[in-house]
Amino acid sequence: MEWIDTHCHLDEDAFTQDCADAVQRAVDAGVVAMVAIGITLDSCRRVLELTQRFPQVYAAVGLHPNYVSAAEPDDWKQIVELVKSPKVIGLGETGLDQYWDHSPLELQVDYFDRHLELSQQTGLPFIVHCRNAEEQVVTQLRRQASRSPLNGVMHAFCGSAETAAACLELGMYLSIGGMVTFKKNETLRQVAATIPLDRLLVETDAPYLAPTPFRGKRNEPAHVRLTAACLAELYGVSKEEIAGATTSNARRLFRLP
Ligand SMILES: [Zn+2]
């Protein structure tokens with residue numbers, strides 16, 4: 001079985017000591033590609049270094065909504081330059097976050113739009129972070145979709161059935177992370193089960209949100225299998241089928257070899 005972890009933060013401090021070991025454990029577990037996601041300009045540069053060290057690591061570059069208020073005016077221009085680097089396969093993460101409230105909403109909306117426009121210009125898919133902002137995210141996606149078809153993914157999806165349906169109708173992929181394995185998240189499991197298999201992706205969001213039985217511990221790309229096992233049960237299909245579908249979806253969306 002082959003897996004693709006479509007969202008991880010391998011450049012974060014949690015991996016400073018043993019990034020190479022974590023990548024190797026993932027490879028040993030059948031993870032054929034990992035998408036390392038940038039959240040600030042510095043983080044994007046670190047992520048690009050990782051793509052040079054590890055053949056299985058690819059990069060998404062962008063500015064996370066929680067960090068846009070700390071961005072220098074020039075940072076976006078540099079992100080646009082970094083997009084041309086080899087192994088950049090996506091834009092983000094971007095989106096809206098009204099949980100932490102680290103950046104004014106207007107500024108988040110502005111940067112979200114920049115990513116969406118850049119996606120349209122470059123053909124690279126965008127990666128959406130959405131926290132306490134489902135309505136606003138859907139509104140902004142709809143606005144963009146009225147101009148051009150969308151090419152993107154809702155990362156670590158944990159929204160309502162309505163939001164899932166709206167995103168699917170807009171042509172988005174939905175990526176499911178470790179939260180779906182948490183005992184309490186029955187609603188998320190019900191929503192996840194409604195995602196058509198050809199729009200489903202899996203991710204870890206490592207080092208965060210480790211699936212059961214590693215909940216609360218550091219997450220790593222090898223654990224993507226545990227989330228996938230939970231999805232196989234939900235869909236009533238084999239793990240092979242989940243692996244086959246999610247891996248070919250990820251290859252299609254990110255144009256991976
Ligand atoms: Zn993330």
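Whatever order the structure lists ligands and atoms in, that order sets their numbers, starting from 1.
Around the Zn ion (ligand 1), the two atoms OE2 of Glu93 and OD1 of Asp205 are separated by an angle of 180°, to 10 degrees.
Annotation: salt bridge (Lys or Arg N to Asp or Glu O under 4.0 Å) contacts involving residues 101-114, sequence neighbours excluded, comprise Asp110-Arg114, Asp113-Arg143.
The Zn ion (ligand 1) lies under 2.8 Å from an N, O or S atom belonging to His7.
Judged as a ring-ring contact (aromatic ring centres under 6.0 Å, His included), and not counting sequence neighbours, the contacts of His9 are His7.
Here Glu186 pairs with Arg189 in a salt bridge; the nearest charged N to carboxylate O distance falls below 4.0 Å.
Phe112 and Thr94 make their closest contact through CA-OG1, 3.3 Å (heavy atoms, listed as atom of the first residue, atom of the second, distance).
Atom NE2 is the N/O/S atom of His9 found closest to the Zn ion (ligand 1).
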